[in-house]
Amino acid sequence: MITTRFAPSPTGYLHIGGLRTSLFSWLWARKNEGQFLLRIEDTDLARNSEDAVAAILKAFDWVGMSYDGEALFQSKRFDVYAKYIEQLLEEGKAYKCYMSKDELTALREEQMAKGERTRYDGRYRDFTGTPPEGVEPVIRIKAPQEGMITFNDGVKGEINIAASEVDDFVIARAGGVPTYNFVVAIDDAQMGLTDVIRGDDHLYNTPKQLVVYEALGFKIPNFYHVAMINNEQGKKLSKRDGATDVMEYKTLGYLPEALLNFLVRLGWSHGDQEIFSVEEMIELFDPKDINKSSSNYNLDKLLWLNAHYIKNMEHDKLAELLVEYGVDIRTHEKKDLILNATKERGKTLVELASQINLILNAPTEYNAKNFKKAFKEDTPEILNTFMNLLKEAELNEVADYHKVMEAVVEQKEIGFGKIGMPLRVVLLGSMTGSGLDEIMAILGVDETIKRINRAIELINA
RNA sequence: GGCCCCUUCGUCUAACGGUUAGGAUCCAUGGUUUUCAUCCAUGUUACAGGAGUUCGAAUCUCCUAGGGGUCACCA
């Protein structure tokens, strides 16, 4: 049984990097028919908010990732942590430290000046005297003082960190509120985690948590530390580099399947395969294939994937999704025609919506430059001929509209561009866009003729 | 600065000591298309540098350089 988790601290939206590590965790649990748990790390601090929790859950919901059971809130488990603190104190594995914050700062500055690693010096580790007055103590855990702390990371291999690098860190603040590394170890153990997949930035927390595991006699899970996602320049990802909030991708018109496909290939691969459905990801994912090195963020591929998924999506579903982007063709009788004509031209749902609107809404004004480019002396005459033939033609399918255009070309002995260009400008107000026959088939004869006549009126005026 | 980790086309990546170093994206060119897009084809571009080990190194070792992470009574 594999149990994994995602443990965000609710201080803001779900970050794209957080989504990737949770995706890895989720896939690994699902692949093994295990459990994917959610834990909210809200050990105090005014920074936490319920809105942030809701935002994270909303993002999970959007991409279709679900967690098992109830979300665990650390803020509701202070009594559990307090009990363990008490236990460690009794067993002599932790102790009260009366060093004031000022003293600690002074120590740190001194160490810094000497170019040493800043660390607590253990002055109260074996203290038996009378504690100084007016200082509310913190609780520190006894970390090993010599030797190595070693663990096997599923991504990076064996990690050795000298015990001298890990000091007797605080497990409970003055006032008794427990600290991060302490509660994480307890919760991970009690939740039955077998595999902890998390960001590289937690690598240094691992030896500290190991100290807690050791002191409390908990079973140690497998750790996987996934390298960070950087921007294209290899620097830390910031808002300047594009969207970092997962939900922003929805706003921009990306499909969750494209985003997940994009993220799963950032730091993980399965041979040469690029396209992964969620089912395939679950089937093929294995943390042993996670890369050691960090990857840089570049949206080109996401856009390509998004276009791919739009092109291959069922029309009913696509129509459903488009509603949020201001286009409702769910019950449109020519829904398939519309989507066939436009879906290869929109790389995002936003673009697709605008392509559809371009056809469905008659142009309200014409760009003079386009008019000038497309309209020549003989254009009105050609368009009139076209309209006449159109009225008489039997129009059952898209190709029939094309035949009418061909007839005009033949009759007038002109090139296709002589009718195509002006027709496009007249119908769409644009020089580019979907196939003319498709556009006209969507509009129907009446609307097509209406738009042509209106444009001719305008040019005569 | 100490410690830890990382380094293959611009970007994402493949390669379990022996390959003309592969794929994808991007870009360029050509084809298809009334336009644009799609689609198809072709092309440019990479083993950070240096020493070893080996018949043979992108793969193993060491050094150098560069990048990242981390050093809280934050999480």
Side-chain angles (χ1 to χ4, degrees), chain A residues 7-11 41-45 47-48 74 97 99 101 104-105 108 111-120 136-140 153 155-157 159-162 164-167 169-181 183-184 199-207 225 227-228 230 232-236 262 265-275 291-305 307 311 342-347 351 355 374 402 405-406 409 415-421 423-425 428 430-437:
Chain A
S9 59
T11 53
E41 314 225 306
D42 57 349
T43 36
D44 190 73
L45 269 190
R47 291 157 49 191
N48 299 319
Q74 290 187 323
C97 170
M99 198 171 181
K101 284 192 184 179
L104 199 60
T105 310
R108 236 175 244 139
Q111 289 169 332
M112 206 97 83
K114 279 195 264 181
E116 293 172 358
R117 171 185 167 77
T118 57
R119 65 194 301 278
Y120 173 66
E136 202 178 355
V138 299
I139 314 287
R140 291 182 180 272
D153 187 281
V155 175
K156 312 232 183 221
I159 305 286
N160 296 294
I161 290 166
S164 58
E165 289 292 315
V166 179
D167 61 6
F169 60 95
V170 173
I171 57 173
R173 306 171 174 90
V177 178
T179 58
Y180 175 76
N181 283 118
V183 299
V184 165
D200 210 345
D201 48 341
H202 286 288
L203 191 74
Y204 245 81
N205 288 324
T206 309
H225 288 97
M228 305 275 88
N230 294 321
E232 183 142 21
Q233 286 72 43
K235 301 292 182 188
K236 194 171 174 149
F262 173 69
R265 284 286 286 101
L266 224 48
W268 177 83
S269 61
H270 182 75
D272 285 340
Q273 187 168 345
E274 297 286 346
I275 306 286
N291 268 196
K292 287 176 189 227
S293 53
S294 58
S295 32
N296 294 356
Y297 200 67
N298 177 302
L299 264 7
D300 286 342
K301 211 155 193 170
L302 173 59
L303 203 56
W304 171 73
L305 283 165
K311 274 180 288 189
T342 53
K343 67 180 178 182
E344 281 172 1
R345 251 162 281 263
K347 288 184 190 295
E351 285 178 16
Q355 284 290 331
H402 197 259
M405 284 195 285
E406 276 177 344
V409 166
F416 231 118
K418 292 284 273 185
I419 179 167
M421 274 225 282
L423 198 52
R424 176 178 307 282
V425 170
L428 297 186
S430 162
M431 296 289 283
T432 63
S434 304
L436 283 169
D437 40 11

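Letters A, B, ... are given to chains in the order of the sequence lines, protein chains preceding strands, and every chain is numbered from 1. These figures come from a predicted structure and were not determined experimentally.
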Using a 4.0 Å heavy-atom cut-off, does [X] contact any base of the nucleic acid, only the sugar-phosphate backbone, or nothing at all?
{"X": "A:Ala227", "result": "nothing"}
{"X": "A:Lys235", "result": "sugar-phosphate"}
{"X": "A:Ser434", "result": "base"}
{"X": "A:Val138", "result": "base"}
{"X": "A:Leu266", "result": "sugar-phosphate"}
{"X": "A:Gly175", "result": "nothing"}
{"X": "A:Gly433", "result": "base"}
{"X": "A:His225", "result": "nothing"}
{"X": "A:Arg108", "result": "sugar-phosphate"}

To the nearest Å, give me how far apart [atom1] ([X]) and [atom2] ([N]) are.
{"X": "A:Arg345", "N": "B:rA37", "atom1": "CZ", "atom2": "P", "result": "9 Å"}
{"X": "A:Lys347", "N": "B:rA37", "atom1": "NZ", "atom2": "P", "result": "9 Å"}
{"X": "A:Glu232", "N": "B:rU11", "atom1": "CD", "atom2": "C1'", "result": "5 Å"}
{"X": "A:Phe262", "N": "B:rU25", "atom1": "CZ", "atom2": "C1'", "result": "10 Å"}
{"X": "A:Asn230", "N": "B:rU13", "atom1": "CG", "atom2": "P", "result": "11 Å"}
{"X": "A:His270", "N": "B:rA24", "atom1": "NE2", "atom2": "C1'", "result": "15 Å"}
{"X": "A:Lys301", "N": "B:rC26", "atom1": "NZ", "atom2": "C1'", "result": "10 Å"}

Chi angles and distances behind the salt bridge (charged side-chain N to carboxylate O under 4.0 Å, His left out) call for A:Glu274, A:Arg265:
CA-CA 7 Å; A:Glu274 297 286 346; A:Arg265 284 286 286 101; 3.3 Å; yes
Is a donor-acceptor contact shorter than 3.5 angstrom present between the side chain of [X] and the base of [N]?
{"X": "A:Arg117", "N": "B:rC3", "result": "no"}
{"X": "A:Asn205", "N": "B:rA75", "result": "yes"}
{"X": "A:Arg265", "N": "B:rU13", "result": "no"}
{"X": "A:Gln273", "N": "B:rG23", "result": "no"}

[M] and [N], which share atom name [atom1], separated by this distance in whole Å:
{"N": "B:rG68", "M": "B:rC12", "atom1": "P", "answer": "14 Å"}
{"N": "B:rC5", "M": "B:rA24", "atom1": "P", "answer": "35 Å"}
{"N": "B:rU45", "M": "B:rG10", "atom1": "P", "answer": "11 Å"}
{"N": "B:rA57", "M": "B:rG50", "atom1": "C1'", "answer": "15 Å"}
{"N": "B:rA75", "M": "B:rU38", "atom1": "P", "answer": "49 Å"}
{"N": "B:rA15", "M": "B:rU19", "atom1": "C1'", "answer": "9 Å"}
{"N": "B:rG66", "M": "B:rG22", "atom1": "C1'", "answer": "27 Å"}
{"N": "B:rG30", "M": "B:rA37", "atom1": "P", "answer": "13 Å"}

What distance separates [X] [atom1] from [Y] [atom2], expressed to the nearest 0.5 Å?
{"X": "A:Gln111", "Y": "A:Thr118", "atom1": "CD", "atom2": "OG1", "value": "6.0 Å"}
{"X": "A:Asp201", "Y": "A:Met228", "atom1": "CG", "atom2": "CE", "value": "4.0 Å"}
{"X": "A:Ile171", "Y": "A:Cys97", "atom1": "CD1", "atom2": "SG", "value": "12.0 Å"}
{"X": "A:Met405", "Y": "A:Leu423", "atom1": "CE", "atom2": "CG", "value": "6.5 Å"}
{"X": "A:Tyr297", "Y": "A:Leu266", "atom1": "OH", "atom2": "CG", "value": "8.0 Å"}
{"X": "A:Met99", "Y": "A:Tyr120", "atom1": "CE", "atom2": "OH", "value": "6.5 Å"}

Counting C-beta onward and ignoring hydrogens, is there a side-chain heavy-atom pair between A:Val138 and A:Thr179 closer than 4.5 Å?
no
I'd like to check A:Lys156 versus A:Asp200 (side-chain heavy atoms, cut-off strictly below 4.5 Å). Are they in contact?
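Yes. Closest side-chain heavy atoms under 4.5 Å.
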Just name whichever nucleotide pairs with [N], Watson-Crick or G-U, keeping both distances under 3.5 Å, else none.
{"N": "B:rC9", "result": "none"}
{"N": "B:rG1", "result": "B:rC71"}
{"N": "B:rA41", "result": "B:rU29"}
{"N": "B:rG18", "result": "B:rC55"}
{"N": "B:rA48", "result": "B:rU64"}

When you match A:Glu344 and A:Met112 each to their closest nucleotide on RNA chain B, which lands nearer the 5' end?
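That would be A:Met112.
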RNA chain B: A:Pro178 or A:Phe416, which has the more 5' nearest nucleotide?
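Going by which nucleotide is closer to the 5' end, it is A:Phe416.
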Closest listed nucleotide, where the reference is the side chain of [X] and the choices are [options]:
{"X": "A:Asn296", "options": "B:rU34, B:rG10, B:rC12", "result": "B:rC12"}
{"X": "A:Glu165", "options": "B:rU25, B:rG2, B:rU11", "result": "B:rG2"}
{"X": "A:Ser295", "options": "B:rC12, B:rU38, B:rG10", "result": "B:rC12"}

Quick test: give all pairs of protein nitrogen or oxygen and nucleotides 4-8 of chain B nitrogen or oxygen below 3.5 Å, distance rounded to 0.1 Å.
from  : atom 1 : to       : atom 2 : distance (Å)
B:rC5 : O2'    : A:Lys156 : NZ     : 2.9

Centre of A:Phe169's six-membered ring, under 6.0 Å away, within 45 degrees of the axis: is that where NZ or CZ of A:Arg140 sits?
no
Taking only side-chain nitrogens and oxygens of [X], does any of them come within less than 4.0 Å of OP1 or OP2 of [N]?
{"X": "A:Ser269", "N": "B:rA14", "value": "yes"}
{"X": "A:Lys236", "N": "B:rG68", "value": "no"}
{"X": "A:Lys101", "N": "B:rA72", "value": "no"}
{"X": "A:Arg424", "N": "B:rU34", "value": "no"}

Enumerate the protein-to-nucleotides 39-41 of chain B contacts in which both atoms are nitrogen or oxygen and the separation is below 3.5 Å.
from   : atom 1 : to       : atom 2 : distance (Å)
B:rC39 : OP1    : A:Lys311 : NZ     : 2.8

Which pair of heavy atoms, one from A:Arg119 and one from A:Asp167, lies closest together, and at what distance?
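Looks like CA-OD2, 3.4 Å.
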Check whether A:Asn298 reaches the backbone of A:Asp300 with its side chain - one donor and one acceptor, N or O, closer than 3.5 Å.
yes
The salt bridge (Lys or Arg N to Asp or Glu O under 4.0 Å) partners of A:Lys343 (sequence neighbours excluded) come to none
Would you please say whether a donor-acceptor pair under 3.5 Å links the side chains of A:His225 and A:Asp153?
yes
